[in-house]
2 protein chains.
Amino acid sequence: MNVRDFKNKVYGELASITKALANPHRLEIIELLAQGPSSVEYIADQTALSIANASQHLQTLKGARLVATEKRGKYRYYSLANRHVFEVWNSMRELGLSRNAEVERLIRDFRTSRKAMESVTSGELLNRLEKGSAFVIDVRPRKEYEAGHIESAVSVPHDELIRKLKSLPKDKQIVAYCRGPLCAMAYEAVELLQEKGYRAARLEVGYPEWELKGLAVNVT
Amino acid sequence: MNVRDFKNKVYGELASITKALANPHRLEIIELLAQGPSSVEYIADQTALSIANASQHLQTLKGARLVATEKRGKYRYYSLANRHVFEVWNSMRELGLSRNAEVERLIRDFRTSRKAMESVTSGELLNRLEKGSAFVIDVRPRKEYEAGHIESAVSVPHDELIRKLKSLPKDKQIVAYCRGPLCAMAYEAVELLQEKGYRAARLEVGYPEWELKGLAVNVT
DNA sequence: ACAATAATCAATATAATTATTGAATATATA
DNA sequence: TATATATTCAATAATTATATTGATTATTGT
């Protein structure tokens with residue numbers, strides 16, 4: 001094999017992985033799977049895809065060995081193959097945000113409020129948790145909370161937030177987190193809480209990034 | 001705009017960037033541009049593409065704002081838009097190597113020798129340079145050396161290595177580096193040097209990774 | 001101004017990707 | 001065993017990506 005054939009094969013292999021990621025729905029699926037293993041049905045529901053279409057996209061990801069699957073009962077659970085997949089997604093998202101004012105503008109414009117929102121770093125949150133001065137809420141759907149969450153966090157899915165307001169403390173700062181930097185749920189939660197007179201801030205990362213730093217407790 | 005439209009736009013933007021990367025030739029171009037700015041002609045030559053085809057791929061990368069261009073005289077120089085592009089490429093390559101025995105096997109099989117090859121980390125090289133116990137050679141094409149190289153390195157393009165053997169020291173270890181982990185030039189150089197009785201090892205990273213760590217000296 | 005060089009553009013044929021539809025295959029539960 | 005549920009498969013049409021070719025534009029040097 002000559003050098004050119006070798007290069008063609010190596011870059012071809014890498015491009016086939018990249019191609020498997022190069023689709024809006026599959027990127028969304030990757031971010032969803034970063035929250036924890038999910039069934040096809042749940043993935044289809046969360047991404048607004050038909051079951052058959054979601055299944056096909058999952059086959060594509062599986063073909064590139066970006067996801068692993070496990071069958072339990074009549075459900076088949078998909079999950080990310082390894083941390084490298086999440087890291088590619090992370091750097092991809094960083095690139096998108098850096099390169100493209102468009103994406104950032106989209107995110108900013110989507111917030112109903114224009115005022116800058118206070119955010120808390122992972123390190124700060126750890127400090128406040130030790131001092132007992134923060135109350136952490138996980139605003140993702142309950143299934144994702146159950147698949148893994150920040151140790152002391154309470155599950156308050158964003159569509160249940162209004163109903164559960166009374167159970168939240170007014171004397172502590174409430175720190176909300178969700179799926180990650182592209183996810184709007186924590187933004188919305190903080191906004192609502194502030195309107196209702198709570199002290200609230202957003203965790204600057206989502207659960208997968210927190211977990212990657214080895215700070216997580218998994219519930220099984 | 002509702003949540004679904006918002007998500008479609010954000011993931012669509014990110015997928016359009018990913019699509020721009022999802023091609024073997026464009027990945028090879030990214031790695032080449034990580035060595036420094038290059039003209040279309042040079043890129044076409046190094047990647048074995050026709051000029052027109054290389055130009056089209058560069059347009060695609062430019063459209064996704066992954067590369068920047070500058071015209072000097074009759075040449076147009078392309079370069080990576082920012083470090084995020086290189087970091088995506090890096091994590092992509094890591095994912096490829098982790099996920100795919102195939103890629104790793106290709107790289108291993110391509111070496112003519114089967115014996116494991118000693119490699120030197122960046123930190124070790126810095127130590128040895130301070131002690132004066134290493135002699136560093138850059139085996140990339142001279143143009144890439146000229147665009148930036150390790151401070152004390154000497155340019156010995158891999159196709160000139162045999163002719164330049166006599167100028168290399170036998171009493172020091174010779175450390176060879178090239179474009180990065182997928183590049184075969186340093187492997188081949190070390191192999192040749194060892195056959196000829198030199199003490200030689202491969203730097204475990206390429207020039208772009210070294211530069212990313214802020215260890216580089218740029219020549220302009 | 002004229003030739004030579006570097007790069008891009010435009011048109012085209014081929015190949016690959018995608019969403020949709022309906023049928024098929026497992027698995028659990030009654 | 002029958003039935004409902006979860007997922008995959010296969011076929012299709014529409015869209016998008018790719019390499020090639022030859023023409024065109026921009027720049028340099030004579």
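Note on naming: letters A, B, ... go to the chains in the order of the sequence lines (proteins, then strands), and numbering restarts at 1 for each one.
- Take B:E160 and apply the salt bridge (Lys or Arg N to Asp or Glu O under 4.0 Å) test, not counting sequence neighbours, and it matches B:R142, B:K164.
- Contact annotation: A:N53 side-chain N/O to C:dT18 OP1/OP2 distance is not under 4.0 Å.
- The separation between A:L58 atom CG and C:dT18 atom P is 13 Å, rounded to whole Å.
- Between the CD1 atom of A:I51 and the P atom of C:dT21 there is a distance of 15 Å, rounded to whole Å.
- Within the structure, ring pair (Phe, Tyr, Trp, His ring centres under 6.0 Å) contacts touching residues 30-53 of chain A (residues at least two apart or in different chains) do not occur.
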Working for side chain to side chain contact (heavy atoms under 4.5 Å, CB included), residues A:V85 and A:W89: CA-CA 6 Å; A:V85 179; A:W89 157 247; 5.9 Å; no
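- Taking both residues in full, the closest heavy atoms of B:R65 and B:A81 are given as O-CB, 3.4 Å, listed atom of the first, atom of the second, then distance.
- The stretch residues 38-50 of chain A touches DNA chain D through A:S39, A:V40, A:E41, each having a heavy atom under 4.0 angstrom from the strand.
- Looking at B:M92 and A:L21, their side chains come closer than 4.5 Å, going by heavy atoms from C-beta outward.
- Two residues are said to be in side-chain contact when any heavy atoms from C-beta on lie closer than 4.5 Å; A:V156 and A:V154 meet this criterion.
- Here A:S55 pairs with A:V40, A:Q59 under the side-chain contact (heavy atoms from CB on, under 4.5 Å) rule; sequence neighbours left out.
- By the side-chain contact (heavy atoms from CB on, under 4.5 Å) test, B:A52 is found to be paired with B:S50, residues two or more places apart in sequence or in another chain being considered.
- Remark: A:H57 pairs with A:H25 by the ring-ring contact (aromatic ring centres under 6.0 Å, His included) rule, at least two apart or across chains.
- Residue contacts for B:Y78: at a heavy-atom cut-off of 4.0 Å it reaches the sugar-phosphate backbone alone, with no base atom in range.
- Residue contacts shown for A:A52 include a base, since a base heavy atom lies under 4.0 Å away.
- The NZ atom of A:K71 sits 13 Å away from the P atom of C:dT25 (whole-angstrom rounding).
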Atom pairs under 3.5 Å, N or O on each side, protein against nucleotides 12-14 of chain C: can you list them with distances?
none

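- For A:R72, no side-chain nitrogen or oxygen approaches OP1 or OP2 of C:dT27 to under 4.0 Å.
- In this view, A:K7 and A:V3, A:R4, A:Y11, B:E28, B:R179 satisfy the side-chain contact (heavy atoms from CB on, under 4.5 Å) rule, not counting sequence neighbours.
- Salt bridge status for B:R72 with B:E70: present, with a side-chain N to carboxylate O gap under 4.0 Å.
- Taking 4.0 Å as the cutoff to heavy atoms of chain A, we find the contact window on DNA chain D bounded by D:dT5 to D:dT18.
- Taking side-chain N and O atoms only, B:Q59 has a distance below 4.0 Å to OP1 or OP2 of C:dC9.
- Axis angle between the ends of the helix from C:dA1-D:dT30 to C:dA30-D:dT1, five pairs each and rounded to 10 degrees, works out to 20°.
- Both A:P24 and A:K74 lie near DNA chain C, and the one whose nearest nucleotide falls closer to the 5' end is A:P24.
- Between A:H149 and A:Y145, the ring planes lie parallel to each other; the angle is under 30°, not in the 30° to 60° tilted range.
- Listed by chain and residue number, A:V139, A:A176, A:C178, A:R202 satisfy the side-chain contact (heavy atoms from CB on, under 4.5 Å) test with A:A186 (two or more places apart in sequence, or in another chain).
- Sorted by first and then second residue, the salt bridge (charged side-chain N to carboxylate O under 4.0 Å, His left out) pairs with a member in residues 75-88 of chain A read A:R83-A:E87; sequence neighbours excluded.
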